[in-house]
Amino acid sequence: MNAAFNLDTRIEAVLDRFLPDPAQPPQTLHRAMRYSVLGGGKRYRPRLVYATGCLLGLPQTLLDYPAAAVELIHAYSLIHDDLPAMDDDDERRGKPSCHRAYNEATAILAGDALQTLAFEVMASIPRDGCHPESILRAVHALAEASGTQGLVGGQQLDLEAVSRPLELVELTEMHLRKTGALIRASILIPVLLAPDPGEVPIQHLTRLSRDLGLAFQIRDDILDATADAGTLGRKPGGDASHHRATFVTLLGLEEARNRLAHSIAQCREALSIFGPEAHPLRALVDDRAE
Ligand code: GRG
């Protein structure tokens with residue numbers, strides 16, 4: 001068994017453990033939550049948690065909590081993003097979106113319940129593995145990444161951008177919140193939980209977290225413009241059909257690729273001070289390069 005297989009299995013098992021029992025009422029809500037979280041997705045954010053935690057020497061048993069929490073927030077945001085009032089998407093991760101498989105009201109509640117579950121999971125981080133003050137800071141970081149300064153705020157900026165053209169600086173700001181904030185939190189939460197990470201590693205991981213968030217979105221925009229539905233797990237060209245500015249529509253494909261290459265180079269540079277203990281993080285950066 002290789003390490004990647006082990007981590008895949010671990011992430012699935014951890015999510016399964018934290019999600020509510022589908023046999024317990026309200027069964028429909030519990031099933032909708034499990035439907036949207038389990039058996040799909042690349043699990044990029046929990047992988048970042050484990051990779052950063054591994055770099056800092058944190059045990060996987062501790063990292064299970066924030067790894068699950070960031071994926072639960074991500075899954076909630078995807079459910080709500082697919083709703084008719086938002087992007088109105090019928091498919092997600094290669095299957096019907098939550099409101100199509102269930103109904104709109106259940107999908108709203110499933111997203112709400114996943115969000116609160118994420119914070120319940122964070123608040124359950126064992127006190128014997130971590131100082132309570134560190135846990136509090138980590139909970140705060142997740143709340144900030146999820147709220148108006150993070151993905152909800154980014155989503156609102158995105159909604160408002162449909163009616164007017166965006167400048168590159170505004171597009172970048174919007175994505176640093178909408179996509180970047182949770183990527184950033186997935187790296188910074190293990191840093192906050194680590195007993196003594198050291199000033200220089202903190203600075204480098206903070207730089208990485210920002211550049212990787214941007215690289216993630218630029219690559220997604222490039223894929224949206226170039227990949228097929230099988231690769232994307234949703235309809236390609238969705239951004240263009242919603243008349244949204246993307247890095248590709250604003251910069252053109254070639255310049256978007258240049259920006260992606262630049263962000264990836266910055267990520268690699270941020271990791272250059274670390275040794276082999278940063279290999280899992282380097283692999284996740286490489287995964288975002290074209
Ligand atoms: C709170 C309604 C609401 C929205 C928040 C994050 C977000 C805003 C919406 C999600 C929709 C979206 C397409 C955002 C762009 C970020 C992105 C590329 C998400 C897809 O992430 P992946 O590729 O997906 O990690 P998987 O399925 O692999 O987990």
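Order of appearance sets the numbers: ligands from 1, and atoms from 1 within every ligand. Basis for what follows: all heavy atoms, side chains included, without hydrogens, waters or symmetry-related copies. Throughout, residue positions are numbered sequentially from 1 according to the sequence presented.
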inquiry  = Below 4.0 Å, non-hydrogen atoms only: which portion of K178 touches ligand 1? Side chain, backbone, both or neither.
reply    = both

inquiry  = Counting only nitrogen or oxygen atoms and a 3.5 angstrom limit, does K42 reach ligand 1?
reply    = yes

request  = Using only heavy-atom distances, determine whether the side chains of Q217 and D221 contain a donor-acceptor pair under 3.5 Å.
outcome  = yes

L157 backbone acceptor or donor facing K178 side chain under 3.5 Å = no

key: Donor + acceptor pair across side chains of Q266, R207 (<3.5 Å)   = no

query = For ligand 1, is there an N or O atom under 3.5 Å from any N or O atom of R45?
reply = yes

message = Taking only non-hydrogen atoms of H175, do any sit less than 4.0 angstrom from ligand 1?
response = no

query = With under 30° as parallel and over 60° as perpendicular, where do the rings of H204 and F274 fit, or are they tilted in between?
reply = perpendicular

Presence of salt bridge, E255 and R259, under 4.0 angstrom = yes

ask   = Based purely on interatomic distance, does H74 place a nitrogen or oxygen under 3.5 Å from a nitrogen or oxygen of ligand 1?
value = yes

message = At under 4.0 Å between heavy atoms, is it the side chain or the backbone of D220 that contacts ligand 1, or both, or neither?
response = side chain

message = Only heavy atoms of G41, strictly under 4.0 Å: list the atoms of ligand 1 that pass.
response = 26 (P), 27 (O), 28 (O), 29 (O)

note = Out of H80, Q155, Q115, the nearest non-hydrogen contact to atom 8 (C) of ligand 1 is supplied by Q155

inquiry  = Taking 4.0 angstrom as the limit and counting only heavy atoms of Q217, give me the atoms of ligand 1 inside it, by number and element.
reply    = 15 (C), 16 (C)

task = Between T179 and ligand 1, find which residue part has any heavy-atom pair under 4.0 Å and reply side chain, backbone, both or neither.
result = side chain

message = Over 60° means perpendicular and under 30° means parallel, so tell me whether Y44 and F216 are parallel, tilted or perpendicular.
response = tilted

request  = Begin with the C-alpha distance, continue with both residues' side-chain angles, and end with the deciding distance and a verdict on side-chain contact (heavy atoms from CB on, under 4.5 Å) for V49 and I189.
outcome  = CA-CA 8 Å; V49 172; I189 287 172; 5.9 Å; no

inquiry  = With heavy-atom distances below 4.0 Å as the criterion, list the atoms of ligand 1 near L151.
reply    = 1 (C), 5 (C), 8 (C)

ask   = Hey, does the side chain of H74 reach the backbone of R45 with a donor-acceptor pair shorter than 3.5 angstrom?
value = no

key: Geometric N/O contact R93 with ligand 1, under 3.5 angstrom   = yes

